[in-house]
Amino acid sequence: MLARNIRSQVLFIALMPLLLVVAAVSVFMLSESLDDIESSLERRGNDISTQAVLMSEFYFYTGDVQRLSEIAGILINIEAVSSVRFVDANNRILAEQRKHSEHLNKDRLFIIPIYSKDVSPDEVSALAGIDDEQEERLGQIEIALSRDEHSNLREKAYLRIMLVAVSAIALGVFMVYLFGRRMSGSLSEMAAAAKAVKMGDLDRRSPENGEGEILELQRLFNRMVGSLQENEADLQNRIEHATKSLNESVDALSRKNTELEQQRQEAIELERSKAISDERARIMKDMHDGIGGQLVASLAMIEKERNSEIRDNISSALRECLDDFRLIILSLNVSDSNLQALLADFKYRINKKLSKLKVRLSWQVAMEVDQVNIQPQQSLHLLRILQEIFANILKHSEANEIVLRVSLDGQYVHLSVDDNGHFEEPEDKGGHGLKNMHWRAGELKGVFALCKNEQGGASASLSFPVDRE
């Protein structure tokens, strides 16, 4: 948008016609000046050509090259002439004079043919296109006129017209500014007042400093704002009375709704808790009596078999199934678990495997961990991460020592597991086990990391928030 305020719009509306008129007049004057300059060059060339024909025609008849050279010397001294050349009918140069040669391509060239009969100067141009077999063409005169003088005239014309245009524009701008300042000032002040009224300032009025219709418009605007202010005050009083009554009714209704909502939520929570508790109890009982009983019975049966590697493998697999089953049962429990007790239980179960593989476990759990309780589902995620870490160490690292550290920092538990085996960082994002550990850490709202430690083994760390007692 070219104009953003009233003053700019007034100047823009007033100046655009002026600029268009000045531009049109300047183009017209420039075109006329250039046409006059070109016509002057044409007339000058025709006059010099006529003189050259009169001076040299006889010597073309007689073939006097010496006299033609003298005539060329006389013509070359004319100020506008840059070159003169006399050429015979066989295109041989009889005489030639030049002032300079670097601008010949830009000079205006006049070519005048010379015939055997007497030709008047007015017929020179017409004879160039006449094909008369009774006339003998003796040759031609080639005269080049320099455009330097006319170029100077062009530049002067450009400068003159530019000065006239700039002067006209400057005078127009001054006159527009002089006569439009007061009107645009009055309109700008009224626009500012209207903007203030729009923002809610009904005390604002427009100064009545205009003339004629603008003054009447300012007065009408002020009366309109006054009426708006009175209506706003009356409407505000009515709204206040209505709001007060409505607030009293709403407050009473809100208190009743709050009481009813609390009662409804309590009933829903009780019903939900009872349903969840009953369902979990049923699932735990079915799993304990069904799957748990089958696993215990299968373990008892396999342990009665004769000692063998297959028996030991099956027995170990069944015990791991029982341990996982215990974790699932624990996750279905309604009450929270103590983190210290949870870790102690994991230590008891993992020590059996480590003893068989002759791997030493260094257990470094801070005393403050005993103050932390975690939910059953959190317990399952934590134990699954520990199981995956220890399984990877025993399977891949060939370590003989594992160090587990657990500390409490504010509301965060920091757990780390280091080994002294061999560890190679995965080139890609890792397998399903690593992805699952990251996913379970996310479920704990924590962060899991795996890297190589100073001993060359793996260093796994987990940090997650908890609630302290």
Side-chain angles (χ1 to χ4, degrees), residues 25-164:
V25 172
S26 299
V27 171
F28 176 76
M29 292 176 61
L30 181 60
S31 177
E32 289 292 324
S33 298
L34 295 179
D35 290 342
D36 291 341
I37 293 171
E38 193 66 28
S39 298
S40 174
L41 178 63
E42 187 71 23
R43 288 194 300 271
R44 185 75 176 275
N46 290 331
D47 292 341
I48 295 174
S49 299
T50 302
Q51 295 176 9
V53 170
L54 294 175
M55 294 171 65
S56 61
E57 186 176 25
F58 175 76
Y59 301 110
F60 266 100
Y61 295 155
T62 62
D64 192 345
V65 177
Q66 180 65 30
R67 297 297 294 173
L68 290 176
S69 298
E70 293 176 1
I71 295 172
I74 295 172
L75 294 175
I76 200 64
N77 291 325
I78 299 176
E79 182 179 359
V81 177
S82 60
S83 69
V84 178
R85 186 165 63 176
F86 294 98
V87 181
D88 64 8
N90 297 321
N91 289 328
R92 291 181 302 174
I93 299 175
L94 302 176
E96 182 177 12
Q97 292 288 338
R98 293 176 180 270
K99 283 183 179 178
H100 52 79
S101 59
E102 60 272 14
H103 300 299
L104 288 179
N105 293 331
K106 298 181 180 179
D107 293 344
R108 174 66 183 276
L109 183 64
F110 292 84
I111 300 175
I112 307 95
I114 303 298
Y115 294 91
S116 60
K117 75 172 186 175
D118 187 15
V119 181
S120 64
D122 294 334
E123 296 173 335
V124 170
S125 299
L127 289 175
I130 297 176
D131 185 14
D132 192 346
E133 296 181 355
Q134 297 178 357
E135 299 175 356
E136 180 182 358
R137 189 173 182 275
L138 301 177
Q140 63 184 26
I141 304 173
E142 298 178 0
I143 300 176
L145 297 185
S146 174
R147 293 182 181 269
D148 292 340
E149 180 180 356
H150 294 81
S151 297
N152 294 332
L153 293 176
R154 286 173 180 268
E155 293 177 359
K156 291 179 181 179
Y158 292 148
L159 181 60
R160 183 173 60 254
I161 293 172
M162 184 178 297
L163 289 175
V164 171

Looking at side-chain heavy atoms only, is the closest gap between [X] and [Y] below 4.5 Å?
X    : Y   : value
V81  : I48 : yes
F86  : I93 : no
E96  : S83 : no
E142 : V87 : yes
F110 : N46 : yes

* To do: Given side chain to side chain contact (heavy atoms under 4.5 Å, CB included), test F60 with I141 step by step and report yes or no.
  => CA-CA 10 Å; F60 266 100; I141 304 173; 4.0 Å; yes
Looking at [atom1] of [X] and [atom2] of [Y], how far apart are the two atoms once the value is rounded to the nearest 0.5 Å?
X    : Y    : atom1 : atom2 : value
S49  : I143 : OG    : CD1   : 4.5 Å
L94  : L68  : CG    : CG    : 6.0 Å
I71  : Q51  : CD1   : CD    : 12.0 Å
R85  : R98  : CZ    : CZ    : 6.0 Å
S56  : I74  : OG    : CD1   : 11.0 Å
I114 : D88  : CD1   : CG    : 12.5 Å

* To do: Determine yes or no for a side-chain-to-main-chain donor-acceptor pair under 3.5 angstrom, with S82 supplying the side chain and A144 the backbone.
  =>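 Answer holds: yes.
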* **Any donor-acceptor N/O pair, N90 side chain to R92 backbone, under 3.5 Å** =>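 Side chain of N90 to backbone of R92: no pair is present.
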